[in-house]
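Here's the structure, in structure tokens; my notes come after.
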Amino acid sequence: MRLILLGPPGAGKGTQAQRIVEKHGIPQLSTGDMLRAAVTAGTDVGKRAKAVMDAGKLVSDEIVIAIVSERIDAPDCANGFILDGFPRTLVQADATEAMLSGKGLDLSAVVEIRVDDDILADRIAGRYTCGNCGAGYHDENLKPKVEGVCDKCGSTHFKRRPDDNRETVRTRLQAYYKETSPLIGYYHCKGKLHSVDGMGEIDAVTAEIEAILARA
Ligand code: ADP
Ligand code: ADP
Ligand code: ZN
């Protein structure tokens, strides 16, 4: 199964991707996570991407396309993968088509998670993750069962992203509407688009996505 998760920042792409990973055993390819890893490691790519990410703008197509095209050749992607946060521009969408068709592969489905703008700022401002295993949490919506302890791995170390602040959210939303939302029409035309209501409970969104995957 080769799946794309589409939606504005804070819509729940990463949260749903983690659940699909657990259920279907295919890896989550998050360009945001890969870029943050490059920033932490201090690589050339990381150095070029850091200021752009902190400002809430999009990193160049050239950089992210190179990262993804290398990643999908890894053995763990042989049975499929979930693209989370990629493609984000029409150039990246065309590059994805070329990458897949060059390998004789096709997309199974594109799932668009729809959430109203006024909710997104609260989701982003309350977001944090486990510093050890990457499990996602939220100050109000998704707390660990035991306060301060990760449900998945027991770590007590959590982190927040430098770009997850209310000032940057506006720039990131603008980037989404200007550069990424045209992909909704792009995949609709190809008969690949499925939209889910991302305003409901996390479990309800998962159920909607699973129903789509069962038919894809
Ligand atoms: P994205 O990857 O699309 O940017 P995330 O999956 O990181 O979004 O979700 C953003 C924040 O909102 C996280 O803190 C997550 O726990 C929370 N969240 C995700 N889905 C829901 C939902 N359906 N209802 C309430 N909160 C949610
Ligand atoms: P969110 O889901 O909250 O928007 P991500 O973790 O997907 O956040 O992305 C964080 C930042 O990384 C983006 O604001 C952007 O600067 C950069 N980024 C991630 N994926 C891409 C991409 N496909 N193209 C360009 N920039 C990207
Ligand atoms: Zn953890």
Side-chain angles (χ1 to χ4, degrees), residues 4-20 28-39 45-46 48-68 82-93 95-96 111-115 119-144 148-165 168-169 171-176 179-180 183 196-209:
I4 290 176
L5 294 182
L6 200 62
K13 301 180 297 295
T15 303
Q16 297 301 330
Q18 287 182 352
R19 291 170 168 225
I20 300 167
Q28 168 192 11
L29 275 46
S30 158
T31 40
D33 287 348
M34 292 186 239
L35 290 167
R36 281 185 286 279
V39 170
V45 163
R48 285 167 68 188
K50 186 176 186 321
V52 179
M53 293 172 75
D54 285 345
K57 301 199 172 136
L58 293 186
V59 173
S60 78
D61 289 329
E62 179 210 343
I63 289 182
V64 286
I65 290 167
I67 294 179
V68 173
I82 309 153
L83 290 174
D84 162 12
F86 181 94
R88 242 175 165 101
T89 64
L90 289 169
V91 171
Q92 293 176 22
T96 306
V111 175
E112 180 213 356
I113 306 179
R114 292 195 178 179
V115 175
I119 305 280
L120 295 171
D122 290 333
R123 287 208 185 164
I124 288 172
R127 164 161 64 188
Y128 64 99
T129 53
C130 171
N132 177 49
C133 75
Y137 295 98
H138 189 279
D139 291 326
E140 309 292 333
N141 306 344
L142 183 62
K143 300 177 186 174
V149 183
C150 176
D151 294 345
K152 300 267 157 65
C153 76
S155 169
T156 54
H157 172 59
F158 296 91
K159 57 185 184 186
R160 287 179 195 264
R161 286 167 41 180
D163 59 337
D164 275 353
N165 56 72
T168 316
V169 168
T171 318
R172 287 160 67 192
L173 267 180
Q174 277 168 0
Y176 177 77
E179 316 223 41
T180 309
L183 270 59
V196 301
D197 176 8
M199 302 282 288
E201 297 277 322
I202 295 175
D203 285 345
V205 181
T206 306
E208 261 197 79
I209 295 176

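Numbers here simply count residues along the sequence, with the first being 1. Just so you know, these numbers come straight off a predicted model, no measurement behind them. Whatever order the structure lists them in is the order used to number ligands and atoms, beginning at 1.
- Our summary of the site lists the angle at the Zn ion (ligand 3) between SG of C130 and SG of C133 as 110°, to the nearest 10 degrees.
- For atom 19 (C) of ligand 1, the closest non-hydrogen atom of the protein is T15 OG1, 3.4 Å.
- Between R88 and ligand 2, at least one N/O pair is under 3.5 Å apart.
- The protein non-hydrogen atom at the shortest distance from atom 25 (C) of ligand 1 is N141 ND2, 3.3 Å.
- Residue-to-ligand polar distances keep L58 apart from ligand 2: every N/O pair is separated by 3.5 Å or more.
- At under 3.5 Å, a nitrogen or oxygen of K13, whether backbone or side chain, sits near a nitrogen or oxygen of ligand 2.
- For atom 2 (O) of ligand 1, the closest heavy atom belonging to the protein is G14 N, 2.8 Å.
- With a heavy-atom cut-off of 4.0 Å, E201 touches ligand 1 through its backbone alone.
- Nearest residue to atom 23 (N) of ligand 2 from G7, A51, G85 is G85 (criterion: closest heavy atom).
- Looking from atom 18 (N) of ligand 1 to the surrounding protein, the closest heavy atom is R123 CD, 4.0 Å.
- When each atom of ligand 1 is checked for a heavy atom of Y137 under 4.0 Å away, the hits are 13 (C), 14 (O), 16 (O).
- The nearest heavy-atom contact from the protein to atom 7 (O) of ligand 1 is R127 NH1, 2.7 Å.
- When only non-hydrogen protein atoms are considered, atom 8 (O) of ligand 1 lies nearest to G12 N, 3.1 Å.
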